[in-house]
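All remarks here apply to the structure that follows.
One-based numbering along the sequence shown. On a predicted model such as this, the values are computed, not experimentally measured, just so you know. All values below come from the heavy atoms of this structure, side chains included, with hydrogens, waters and symmetry mates left out.
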Amino acid sequence: MNDQPHPLLRRDRPAPSPVHPRRGQKPAFEVSFIICTRDRLAVLEACIKSVQAACRAHPAFAAEMVVVDNGSIDRTAERLACLAETSDIPLTAVSEPRPGLAAARNAGLARARGRILVFVDDDCAVDRDYLRDLMRHNASGEKWLVRGGRVELGDARDLPFTIKRCEQRERLTPAVHPGGFVLGCNMTMHRDVAARIGPFDERFGAGGPLRSAEDTDYLVRAMLKGIPVEYVPDMTIFHHHGRRDRKSIDRLHRDYSLGNGALCLKHVRRAPWLLRHFYWAARSAMRELAGGPRFDHDLGLSHWPVVVMNLAGATRFALLLIVGWRRQPRLQPDRQANEAGAEARAR
C-alpha cells in the first residue's frame, strides 16, 4: 500500500503544483505549512495567526499555508474561506471529508506547493523565529531526511504530555523507540522526501481505526528507505493540547500504545527491532508489579496499558488485513459536483 504512488500525488489537481512536481518545474514557495483541523476553530485561528506572524518576521522565505478541513460541522469551512481571502500570507483551504488525520495529511500533501513541507497541528502555535531556524537547518543542503523540532507546552495549566524538550540534536536509531522521537505536530521534510516515502497510512492516526501513530509509521518507513530522522532542539512550537486531567492523558496514553502495537506487526519483517521495544515494555511492566518504576511517575502512568494496548493494536491490525481494509477513495471534483447535483435534485 505505502510503496505505491499515491493517487493524490498523481491526479491532476486544482493546485498549481502537486507535491511531486514535473521535471524542471520549481516549487512555488520555499515553505508550505500544512495544518489539519476538525471542529476546533478557536485554536485553529490562533495557530494560523502564529504562522502568519512567523512569516512576517522572516519575509525573505516565501511561505504558504495549506489548511485541511477534515469534515468539520462547525463554522470552520466558512471561516477558512474568509481567511483565504484576507490573509497576507497565501492560504489554501482544502476540504477532506473522509475521516482521519492521515487522510487529512495526505490531502494537504497533494495541495502543498512549497519546497519544504511543515506539518503543524491546529492546537499549536509556531515560534516567531521558526522559519529562521528551519531554513538554517536546510541551508546545509542535506535534504534527504525527516526533521522535527522542539515542542513546548503552550499553557502551563495543561499536563506535560505530547511535548518534546530534549536539548540535544540527535538522530533516530533502532535502539530508541520511534514513538515521540519526532512529533507529528512539528515535523518537516523536503517535498522530494515526501514523494519518496509516499502517503500517510490511513489506517493509523486520530480518526482512523488504529487511532494514532501515523507520524511514527512515517518515521519507520523513512528509516527503512535509508532516510535519516533527526530531532533538533529549536524550530519550536507551543502545544495547547488542553488536557488537564489524568483521565484524558490516560486515554491518549492507551491510544498511542494501540497504534504502536499495530506498527510493530506491520513492520515485523523489515523492522524486527520494534519487537525489542515491546519486550522492554513487558519487562518493565513485570518489574512494576515488584515495586519498579512506572512509565511516568509524575503523571501516574503505568507500563501495563502499553503492553495490553500493544497487543490489542497488533490484533486490530491483523483483523484489518483479514477483512481487506481499504481507504475510501477521494471523490474527483467533477464527480463531487455531479453527486451534489443528484442529491439536490432528489430533495
Side-chain angles (χ1 to χ4, degrees), residues 1-6 100-103 105-106 119 144-146 148 162 170-184 187 189 193-231 251-288 295 301-327:
M1 171 180 171
N2 292 317
D3 292 330
Q4 298 299 319
H6 194 283
L101 178 56
R105 291 196 194 280
N106 286 336
F119 291 94
W144 291 103
L145 54 76
V146 176
T162 61
E170 55 185 346
R171 292 200 170 182
L172 181 61
T173 70
V176 178
H177 194 284
F181 184 84
V182 163
L183 299 181
M187 183 168 68
M189 68 201 74
V193 172
R196 181 171 179 184
I197 298 174
F200 288 86
D201 188 333
E202 295 179 9
R203 293 170 290 193
F204 292 86
L210 298 171
R211 301 184 192 170
S212 68
E214 86 294 337
D215 48 357
T216 310
D217 174 67
Y218 215 73
L219 303 184
V220 173
R221 287 162 52 201
M223 292 181 69
L224 292 175
K225 290 182 179 294
I227 299 172
V229 176
E230 179 179 74
Y231 165 82
R251 182 167 55 250
L252 192 60
H253 179 49
R254 291 173 180 273
D255 284 351
Y256 284 166
S257 299
L258 181 82
N260 285 333
L263 185 80
C264 190
L265 182 58
K266 175 183 176 180
H267 297 291
V268 66
R269 291 184 179 179
R270 299 182 63 201
W273 46 269
L274 289 170
L275 289 172
R276 182 191 317 159
H277 298 290
F278 173 75
Y279 165 73
W280 287 339
R283 186 178 63 178
S284 297
M286 295 302 296
R287 289 179 175 176
E288 188 178 315
F295 179 86
L301 299 177
S302 170
H303 289 283
W304 281 103
V306 176
V307 176
V308 172
M309 296 305 289
N310 275 182
L311 292 173
T315 301
R316 184 171 295 187
F317 185 83
L319 291 174
L320 291 173
L321 291 179
I322 292 171
V323 302
W325 185 91
R326 293 290 186 274
R327 66 181 182 87

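Distance check, rounded to the nearest 0.5 Å: CG of Asn310 to NE2 of His303 gives 12.5 Å. Atom CG in Leu172 sits 10.0 Å away from atom NE2 in His177 (nearest 0.5 Å). Remark: Arg211 CZ to Asn260 CG distance equals 13.0 Å, nearest 0.5 Å. The distance from atom CZ of Phe181 to atom OG1 of Thr173, rounded to the nearest 0.5 Å, is 7.5 Å. Atoms CZ and CE, on Arg270 and Met223 in that order, are 12.0 Å from each other to the nearest 0.5 Å.
The heavy-atom pair separating Ala262 from Leu210 by the smallest distance is CB-CD1, 3.6 Å. The two residues Glu288 and Ser302 come nearest to each other via the heavy atoms OE2-OG, 2.7 Å. Contact between Asp201 and Glu214 at its shortest, heavy atoms only, is O-CB, 4.4 Å. Between Glu202 and Asn106, the shortest heavy-atom contact is OE2-ND2, 2.7 Å. Listed here is the closest heavy atom pair of Leu224 and Ala271: CD2-CB, 4.2 Å. Of all heavy-atom pairs between Trp280 and Ala175, the closest is CZ3-O, 3.9 Å.
With a 4.5 Å cut-off on side-chain heavy atoms, Leu321 and Leu265 do not count as touching. The closest side-chain heavy-atom distance from Leu275 to Val268 is below 4.5 Å. Counting heavy atoms from C-beta outward, Leu320 and Pro209 have side chains that approach closer than 4.5 Å. When side chains are defined from C-beta on, Leu219 counts as touching Met187, because their heavy atoms get closer than 4.5 Å. Looking at Ser212 and Leu252, their side chains never come closer than 4.5 Å, going by heavy atoms from C-beta outward. Between His267 and Asp217 the shortest side-chain heavy-atom distance falls below 4.5 Å.
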- Message: Apply side-chain contact (heavy atoms from CB on, under 4.5 Å) to residues Phe200 and Phe119 and explain how you reach the verdict.
- Response: CA-CA 12 Å; Phe200 288 86; Phe119 291 94; 3.7 Å; yes
- Item | His277/Val306 under side-chain contact (heavy atoms from CB on, under 4.5 Å): CA gap, chis, key distance, verdict | CA-CA 11 Å; His277 298 290; Val306 176; over 6 Å; no
- Query: Would Ile227 and Met189 satisfy side-chain contact (heavy atoms from CB on, under 4.5 Å), going step by step from the backbone distance to the final call?
  - Reply: CA-CA 11 Å; Ile227 299 172; Met189 68 201 74; over 6 Å; no
- Query: After noting the C-alpha distance and the side-chain angles of Thr216 and Tyr256, does the key distance pass the side-chain contact (heavy atoms from CB on, under 4.5 Å) rule?
  - Reply: CA-CA 10 Å; Thr216 310; Tyr256 284 166; over 6 Å; no
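Using cut-offs of 30° and 60° on the angle between ring planes, the pair Phe204 and Phe317 is tilted. Using a 30° and 60° split on the angle between ring planes, Phe295 and His253 fall in the tilted class, from 30° to 60°.
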